[in-house]
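Here the structure comes first, spelled out in structure tokens, and everything after it is commentary.
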Amino acid sequence: MIYIRTCAYNAEKTLQRAVDSVLNQTYQDFEYHILDNGSTDQSATIAQAYEARDPRVHSFSIPKSSIGTGRNYGAARSTGGFITFLDDDDWMEPDMLEFLLKLAKKHQAEISLCGSYKVVDGTVLPNCVFEEELVMEPAEAVVTLLERKKYNSGMPTKLFARRLWEEFPFLESGVYDDIAVIYKYFANAKRTAGKGEPKYYCYRHPGNHSAFTTNDTLLTPEQLEEYFSVFRERTAYLSSVLPEIGDYAQYSEWSYQISMCNKIICNQLEHCQAQLSYAKEELTRHKDAFYHSPYIQEFERDYMRRYILGEAAVR
């Protein structure tokens, strides 16, 4: 059985589409929790109506809390051997659950994943779409995650063995709980299988939890601080658990820092100057190691010359 969870917060305009995409799945052996996370609109009423119609659907309401709290609350009350997540403004292709479960069983994988579409201003764009079928051991799966080309740190589009959540429950502090645990799932899964056929639709809009991914001006000091902190911990954890990729984990942390330097400066984000100073200080301390890293991209070297080294410093 698969456990599916949607955390709904003031989602009355999009929740029905999300729920219907679950109930219309070709794979029907699932348990679906809709968690109303302190909504002030009709989200809870919509969820309760679905619960009354379908015994597989369960609705819960809790006071407004973090996404991680909601995810743990639902998962602790579920019985499914696999877990997946659907955001309240997104939706699934009808065969997504069947696709992911077959992929997991075919390769005896504890994580399976698919590609997705990104819907921005009515335009449907490919997002993490690739042709090949991947079968990966932990080190390769984590590096591919850090590369952010074939898949990213978002929980949707992925099917996880329940034991991974039991070992690494979601953080209940902070806003971006997925980035704090998902690399641990990939690092500890016995095997990961992926096929980039797009089976999930990510709806991007101004009120979206991850709207900053399509609009750099929405970056906040709080978001940057959380990412900086999580990525420091991620580098230390991966260097310990998978030492063979420790240098790539460190490169990935510096890569994020220089990317944020560019975004803060180019978008003139005056409210993020403290975070810019932190990133510059870190990159200055490690300038030689990052600039000469075997993984660094040419645009990152360009950013380093522009923001950290100065053209005259590089020969």
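- Side chains of Tyr203 and Lys118 form no contact here, defined as non-hydrogen atoms less than 4.5 Å apart.
- A distance-only check finds a donor-acceptor pair linking the side chain of Asn188 to the backbone of Lys184 [under 3.5 Å].
- Using bins of under 30°, 30° to 60° and over 60° for the plane-to-plane angle, the ring pair Tyr185/Phe160 lands in the perpendicular bin.
- Here the shortest heavy-atom pairing between Val181 and Met155 reads CG2-CE, 3.6 Å.
- Heavy-atom contacts from other residues, nucleotides or ligands closer than 6.0 Å to CD of Gln273 number more than 12.
- When the side chain to side chain contact (heavy atoms under 4.5 Å, CB included) test is applied to Asn24, the partners found at least two apart in sequence or on another chain are Asp20.
- Looking at heavy atoms from C-beta onward, Glu31 lies out of side-chain contact with Ile4 at the 4.5 angstrom threshold.
- A continuous path of hydrophobic side-chain contacts links Trp165 to Leu145 [ILVMFWY only; heavy atoms under 4.5 Å].
- When every heavy atom of Asp88 is checked against every heavy atom of Ala8, the shortest pair comes out as OD2-CA, 3.4 Å.
- In this structure, Tyr151 has its ring center under 6.0 Å from that of Phe186.
- Of the possible polar contacts, none joining the Ser21 side chain to the Pro94 backbone as a donor-acceptor pair under 3.5 Å is found.
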After noting the C-alpha distance and the side-chain angles of Ser229 and Glu226, does the key distance pass the side chain to side chain donor-acceptor pair (under 3.5 Å) rule? CA-CA 5 Å; Ser229 175; Glu226 187 168 344; over 6 Å; no

Could you check Ser259 against Asn262 for side chain to side chain donor-acceptor pair (under 3.5 Å), going step by step and ending with a plain yes or no? CA-CA 5 Å; Ser259 175; Asn262 183 63; over 6 Å; no

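- Other residues, nucleotides and ligands contribute over 12 non-hydrogen atoms within 6.0 Å of the CD atom of Glu298.
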Tyr227 and Tyr176: ring pair (Phe, Tyr, Trp, His ring centres under 6.0 Å), yes or no, with the steps? CA-CA 8 Å; Tyr227 269 66; Tyr176 304 98; 5.4 Å; yes

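- With values rounded to the nearest 0.5 angstrom, Glu147 atom CD is found 9.0 Å from Ser252 atom OG.
- Judged by distance alone, with hydrogens and angles left aside, the side-chain atoms of Asp41 form a donor-acceptor pair with the main-chain N or O of Ala11 at under 3.5 Å.
- Here the closest non-hydrogen pair linking Ala279 and Gln257 is CB-O, 3.9 Å.
- At distances below 3.5 Å, not a single donor-acceptor pair connects side-chain atoms of Arg5 with backbone N or O atoms of Asp87.
- Note on Tyr73: it does not cluster hydrophobically with Leu164, by side-chain heavy-atom contacts below 4.5 Å among ILVMFWY residues.
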Give the C-alpha distance, both sets of side-chain angles, the deciding distance and a yes or no for side chain to side chain donor-acceptor pair (under 3.5 Å) between Glu300 and Tyr291. CA-CA 8 Å; Glu300 294 170 331; Tyr291 191 84; over 6 Å; no

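- Between Tyr303 and Phe299, the angle of the ring planes goes over 60°, which puts this pair in the perpendicular group of the 30/60° scheme.
- Looking at Ser43, its side chain never comes within 3.5 Å of a backbone N or O of Tyr9 through a donor-acceptor pair.
- Aromatic ring centroids of Tyr183 and Tyr237 lie under 6.0 Å apart.
- Grouped by direct or indirect side-chain proximity (heavy atoms under 4.5 Å, Ile/Leu/Val/Met/Phe/Trp/Tyr only), Met1 sits alone.
- Looking at heavy atoms from C-beta onward, Phe168 lies out of side-chain contact with Ile182 at the 4.5 angstrom threshold.
- Among all heavy-atom pairs drawn from Tyr201 and Asp90, the shortest one is O-CB, 3.0 Å.
- Using a 4.0 Å cut-off between a side-chain N of Lys or Arg and a carboxylate O of Asp or Glu, Arg53 and Glu51 do not qualify as a salt bridge.
- Taking the centre and axis of the six-membered ring of Phe82, the NZ or CZ atom of Arg162 falls outside the cone set by 45° and 6.0 Å.
- Side-chain contact between Lys280 and Ile265: present, with at least one pair of heavy atoms (C-beta onward) separated by less than 4.5 Å.
- In this structure, Arg71 is positioned above the aromatic face of Phe170, its NZ or CZ under 6.0 Å from the six-membered ring centre and within 45° of the axis.
- To the nearest 0.5 Å, atom CG of residue Leu218 and atom CG of residue Asn267 are 9.5 Å apart.
- Of the possible donor and acceptor atoms, one in the side chain of Ser116 sits under 3.5 Å from a partner among the backbone N and O of Asn127.
- Within the 4.5 Å cutoff, side-chain heavy atoms of Cys114 are placed close to those of Phe99.
- Residues Arg77 and His33 share a closest heavy-atom pair of O-CE1, 3.5 Å.
- Counting heavy atoms from C-beta outward, His271 and Pro221 have side chains that approach closer than 4.5 Å.
- Side-chain atoms of Asn37 come within 3.5 Å of backbone atoms of Ser65 as a donor-acceptor pair (strictly under, hydrogens ignored).
- Remark: side-chain polar atoms of Lys158 are paired, donor with acceptor, to backbone N or O of Gly154 under 3.5 angstrom.
- Here the closest heavy-atom approach between residue Thr144 and residue Glu140 is recorded as OG1-O, 2.8 Å.
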From CA spacing to verdict: salt bridge (Lys or Arg N to Asp or Glu O under 4.0 Å), Glu132, Lys195: CA-CA 6 Å; Glu132 67 267 40; Lys195 194 169 185 179; over 6 Å; no

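- Using modelled atom types, one finds no donor on one side chain facing an acceptor on the other under 3.5 Å when comparing Gln250 with Thr235.
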Pair Thr6, Leu15 - check side chain to side chain contact (heavy atoms under 4.5 Å, CB included), show working. CA-CA 9 Å; Thr6 293; Leu15 183 58; 4.1 Å; yes

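- Hydrophobic clustering keeps Leu35 apart from Val22 (ILVMFWY residues linked when any side-chain heavy atoms are closer than 4.5 Å, directly or through intermediates).
- Going from atom OG of Ser153 over to atom CG of Asp178 covers 5.0 Å, rounded to the nearest 0.5 Å.
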Considering only distance and modelled atom types, tabulate donor-acceptor pairs under 3.5 Å from the side chains of residues 103-110, sequence neighbours left out.
| unit_1 | atom_1 | unit_2 | atom_2 | d |
| --- | --- | --- | --- | --- |
| Lys106 | NZ | Glu133 | OE2 | 2.9 |
| His107 | NE2 | Glu133 | OE2 | 2.6 |
| Glu110 | OE1 | Arg163 | NH2 | 2.7 |
| Glu110 | OE1 | Lys190 | N | 2.8 |
| Glu110 | OE2 | Arg163 | NE | 2.9 |

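- Side-chain contact between Tyr117 and Tyr200 is absent, with no heavy-atom pair separated by less than 4.5 Å.
- Using a 4.0 Å cut-off between a side-chain N of Lys or Arg and a carboxylate O of Asp or Glu, Glu281 and Arg285 do not qualify as a salt bridge.
- Proximity of Ile264 to Leu224: side-chain heavy atoms (C-beta onward) are separated by under 4.5 Å at one or more points.
- Side-chain atoms of Ser293 come within 3.5 Å of backbone N or O of Tyr295 as a donor-acceptor pair.
- Remark: side-chain polar atoms of Asp54 are paired, donor with acceptor, to backbone N or O of Arg56 under 3.5 angstrom.
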Does Glu253 form a salt bridge (Lys or Arg N to Asp or Glu O under 4.0 Å) with Arg234? I'd like the steps, not just the answer. CA-CA 8 Å; Glu253 181 182 354; Arg234 185 182 70 183; over 6 Å; no

Asn72 vs Glu172, side chain to side chain donor-acceptor pair (under 3.5 Å): CA-CA, chis, key distance, verdict: CA-CA 8 Å; Asn72 287 334; Glu172 300 191 356; 3.0 Å; yes

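- You'll find the ring centres of Phe228 and Tyr256 inside the 6.0 Å limit.
- Here the two rings, on His58 and Tyr32, have centers that are 6.0 Å apart or farther.
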